[in-house]
Amino acid sequence: MLTFNDNKAGMGGLDKEKITKVIEENTSASYSSFSKKQQSRIDEKVAEIKNRIEKATREEKQKAENSMKNLEIKLEASRDLSRDCVCIDMDAYFAAVEMRDDPKLRTIPMAVGSSAMLSTSNYLARRFGVRAGMPGFISKKLCPELTLVPGNYPKYTKVSRQFSEIFMEYDGDVGMMSLDEAYIDLTEYVANRTEKRIFTRHRYGGDCPCWLPRVPEDEDIENLQFEDSECTKCSKNRRAYFDDVEFGVGREEVVREMRFRVEQLTGLTCSAGIAANFMLAKICSDFNKPNGQFVLENDRNVILEFLEKLPIRKVGGIGRVSEAHLQSMDIRTVGDMLLQKALFPLCFSPLAQESFLRTALGLPGRPSSSDPRRKSISVERTFSPTSDFQMLCDVHLEICQMLEEDIRKAGVIGGKTITLKLKLSSFDVLTRSLTPSDTVSSLEDIQKYSLELLEKEKGKEIRLLGVRLSQLVFEEEKKSKTITDFWNDAKQQKPLSSPEDADEIIMMDTRPCPICGADVENQLEILNRHVDECIQKMTDEESPELICISVETKKKVEKPVVFSKKRKIQEKKPAAKKVATIDSFWKKE
DNA sequence: TACATACAC
DNA sequence: CATGGTGTATGTA
């Protein structure tokens with residue numbers, strides 16, 4: 001049913017039927033009936049679509065076809081094949097971080113999440129059908145030996161900051177879609193890149209399993225230079241091999257270089273897609289996963305050919321429901337979309353028509369709202385279903401307190417509209433909202449208005465409560481000055497790296513380690529590693545992270561001013577998302 | 001404006 | 001035992 005799809009990578013050749021059966025057997029009655037309800041809603045819509053096509057008159061069909069033809073001409077005129085867009089996606093991100101920091105997890109099936117929900121699974125676990133979005137307790141049935149690791153979001157956030165700094169050197173306006181996904185416009189960088197770059201590559205071997213990347217077992221290491229040392233973590237001997245690697249000037253080479261640097265810095269691999277726009281780059285990033293990249297030539301025919309056989313579900317924005325709708329029109333691949341485009345006006349809204357046609361042509365989505373500011377802020381929690389109103393009020397108060405705190409941290413003064421979200425024990429979701437004449441800002445206001453809404457739902461058995469504030473009012477921001485100052489300060493202190501003096505960094509000058517004073521090769525990744533070792537030596541056993549960026553290096557993050565030269569009007573990157581705040585997971589009464 | 005849906009990660 | 005949390009966009013009334 002709709003519980004399991006093998007859309008994502010890593011599941012070749014497993015027994016789908018068996019997995020589906022295990023999932024069904026372990027699905028609760030209430031969830032199962034909710035799923036059925038959802039499915040029948042989709043079926044209804046599908047019937048409606050078929051019906052509309054069936055009973056459309058000749059004139060209507062003709063009109064629809066003309067309308068799509070005109071739209072296609074208009075859209076085709078906007079095609080831009082001049083850009084180098086890159087989407088970089090970390091491989092099994094949360095799981096990879098946990099595996100990096102605990103070698104025992106590298107060889108067993110493992111997932112990050114709770115018994116209620118998994119965020120990621122490693123590739124070994126995926127072979128059992130264990131995947132992101134699946135409840136942990138069902139995963140355990142599919143794979144009894146599965147190890148569940150609770151997520152450590154502050155750590156994932158920190159690591160994400162580390163590698164986004166690398167991307168920032170290539171595109172000052174890099175868009176982080178989430179902790180593990182980056183959109184990079186390389187056009188300008190590639191155009192200006194005239195020289196190859198050489199990096200020292202560090203890889204590890206010996207008895208110490210801690211550091212990554214490892215030298216492959218089958219590689220001939222006869223002629224590699226190395227250095228032995230005692231690992232500060234496991235006390236075993238670690239052998240660090242090093243050699244030079246070169247990266248040329250084309251976009252593929254530059255992307256290889258970025259991926260190389262990410263792995264050197266964090267010990268994590270990522271995959272990349274390269275194409276004429278971000279919509280295509282995102283699809284491509286999935287093609288050679290894990291630890292690979294895929295380029296789609298900036299050529300109309302090549303793009304259309306690539307899309308012809310591509311299942312529609314691989315396209316960003318087409319989910320379970322749209323897939324079903326389109327399938328009812330015999331559309332399974334993007335190629336089919338192009339063949340059937342004349343039917344769109346009979347079944348879909350104008351926006352949906354355009355969006356599907358853009359997809360079919362390999363064009364990016366409509367650039368959306370130019371206001372980069374966030375539009376809403378919310379907190380929601382799931383708990384054991386209850387209709388006890390006092391209990392719901394207690395939860396509600398806590399949620400309001402958390403929301404108020406988040407609002408303050410976000411530099412938001414208040415908002416016009418307050419929305420209460422409820423999920424019933426049946427899994428049905430309701431929202432109730434109101435817009436008072438005055439802006440809602442204090443904890444008291446938030447609580448008062450949302451409680452008003454909650455009171456009207458007395459008696460319902462509820463499993464989730466949420467409160468959202470929208471139509472936000474922001475603090476007057478004078479941030480740009482701060483950032484500039486920050487950058488100027490950093491510049492005077494001799495920054496570790498910047499595009500202008502990139503060559504100096506690659507060439508081998510040294511720089512004293514701020515911790516131990518020893519001369520260290522002045523290359524960002526190497527320096528970070530060294531500093532990290534030093535810090536580990538002198539500090540705790542506490543921090544489980546192997547790689548931790550130095551404080552100095554961190555300051556360099558804020559430098560978009562320098563890089564953002566005038567850029568052509570272009571497709572909007574997906575908006576950067578706020579990092580979720582984590583608190584201990586509470587549940588039960 | 002209010003509410004529901006769909007989607008991404 | 002047991003199916004998440006945050007945010008955006010869009011359709012419809």
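Proteins get letters first, then strands, A, B, ... in listed order; numbering begins at 1 in each.
- Between A:I138 and A:V379, the residue anchored nearer the 5' end of DNA chain C, judged by the nucleotide with its closest heavy atom, is A:I138.
- The ring pair (Phe, Tyr, Trp, His ring centres under 6.0 Å) analysis of residues 404-425 of chain A, with sequence neighbours excluded, yields no pairs.
- Under the rule for a ring-ring contact (aromatic ring centres under 6.0 Å, His included), the partners of A:Y93 that lie at least two apart in sequence or sit in another chain are A:F163.
- Among the nucleotides B:dC9, B:dT1, C:dT3, the one closest to any side-chain atom of A:E181 is B:dC9.
- Nearest to the side chain of A:S433, among B:dA2, C:dG4, B:dC9, sits B:dA2.
- Atoms OH (A:Y31) and C1' (C:dG4) sit 11 Å apart, rounded to a whole Å.
- Shown are A:K314, A:R313, A:R332; of these, the salt bridge (charged side-chain N to carboxylate O under 4.0 Å, His left out) with A:E323 is made only by A:R313.
- A:F383 has its CZ atom 15 Å from the C1' atom of C:dT3, to the nearest Å.
- The side chain of A:S378 contributes an N or O atom lying less than 4.0 Å from OP1 or OP2 of C:dG7.
- Residue A:T435 has its side chain nearest to B:dA2 when only B:dA2, C:dG5, C:dT3 are considered.
- Rounded to an integer number of Å, the gap from A:M279 CE to B:dA8 C1' is 15 Å.
- Residue contacts shown for A:K141 are absent, as no nucleic acid heavy atom lies under 4.0 Å away.
- Of all nucleotides listed (B:dA2, C:dT6, C:dA2), C:dA2 comes nearest to the side chain of A:F137.
- For A:K50, the NZ atom sits in a loose shell: 12 or fewer heavy atoms of surrounding residues, nucleotides or ligands are nearer than 6.0 Å.
- Rounded to whole angstrom, the span from the NZ atom of A:K423 across to the P atom of C:dT3 amounts to 9 Å.
- The separation of B:dC7 from C:dG4, taken at their C1' atoms, amounts to 15 Å, rounded to a whole angstrom.
- Salt-bridge check for A:D428 with A:K37: passed, with a basic side-chain N closer than 4.0 Å to an acidic carboxylate O.
- When heavy atoms are screened at a 4.0 angstrom cut-off, A:K282 is found touching the sugar-phosphate backbone but no base atom.
- A salt bridge is defined here as a Lys NZ or Arg NE, NH1 or NH2 lying under 4.0 Å from an Asp or Glu carboxylate O, and A:R358 with A:E354 meets this definition.
- A donor-acceptor contact shorter than 3.5 Å is absent between the side chain of A:D286 and the backbone of A:I283.
- Straight-line distance from the NZ atom of A:K289 to the C1' atom of B:dC9: 12 Å, rounded to whole Å.
- Following rounding to the nearest Å, A:I407 (CD1) and C:dT6 (C1') show an atom-to-atom distance of 14 Å.
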Between the protein and nucleotides 4-7 of chain B, list the N/O to N/O atom pairs that are separated by less than 3.5 angstrom.
{"unit_1": "B:dA4", "atom_1": "OP2", "unit_2": "A:T431", "atom_2": "N", "d": "2.7"}
{"unit_1": "B:dA4", "atom_1": "OP2", "unit_2": "A:T431", "atom_2": "O", "d": "3.1"}
{"unit_1": "B:dA4", "atom_1": "OP2", "unit_2": "A:T431", "atom_2": "OG1", "d": "3.1"}
{"unit_1": "B:dA6", "atom_1": "OP2", "unit_2": "A:R41", "atom_2": "NH2", "d": "3.1"}
{"unit_1": "B:dC7", "atom_1": "OP1", "unit_2": "A:G319", "atom_2": "N", "d": "2.9"}
{"unit_1": "B:dC7", "atom_1": "OP1", "unit_2": "A:S322", "atom_2": "N", "d": "2.9"}
{"unit_1": "B:dC7", "atom_1": "OP1", "unit_2": "A:S322", "atom_2": "OG", "d": "2.6"}
{"unit_1": "B:dC7", "atom_1": "OP2", "unit_2": "A:R320", "atom_2": "N", "d": "3.4"}
{"unit_1": "B:dC7", "atom_1": "OP2", "unit_2": "A:V321", "atom_2": "N", "d": "3.0"}

Set out, line by line, the N/O atom pairs under 3.5 Å between protein and nucleotides 10-13 of chain C.
{"unit_1": "C:dG11", "atom_1": "OP1", "unit_2": "A:S349", "atom_2": "OG", "d": "2.4"}

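- With C:dG7, C:dG4, C:dT6 as the candidates, the nucleotide lying closest to the side chain of A:E380 is C:dT6.
- Sorted by first and then second residue, the ring pair (Phe, Tyr, Trp, His ring centres under 6.0 Å) pairs with a member in residues 407-431 of chain A read A:Y31-A:F427, A:F34-A:F427; sequence neighbours excluded.
- Between the CZ atom of A:R463 and the P atom of C:dC1 there is a distance of 15 Å, given to the nearest Å.
- A:D286 places its CG atom 12 Å from the P atom of B:dA8, with the value rounded to the nearest Å.
- The aromatic rings of A:F294 and A:F287 sit tilted, their planes meeting at an angle between 30° and 60°.
- When the side-chain nitrogen and oxygen atoms of A:T419 are compared with OP1 and OP2 of B:dC3, none of them lie within a distance under 4.0 Å.
- The base of C:dT8 is not paired with the side chain of A:S368 by any donor and acceptor separated by under 3.5 Å.
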Under 3.5 Å, side-chain donor or acceptor atoms of residues 467-474 of chain A against the rest of the protein: list the pairs with distances, not counting sequence neighbours.
{"unit_1": "A:Q471", "atom_1": "NE2", "unit_2": "A:T417", "atom_2": "OG1", "d": "3.1"}

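- Aromatic ring orientation, A:F344 versus A:F356: tilted (interplanar angle from 30° to 60°).
- In terms of phosphate contacts, A:S115 brings no side-chain nitrogen or oxygen within less than 4.0 Å of OP1 or OP2 of C:dT3.
- Each of A:G133 and A:K375 was matched to the nucleotide of DNA chain C holding its nearest heavy atom; the match closer to the 5' end belongs to A:G133.
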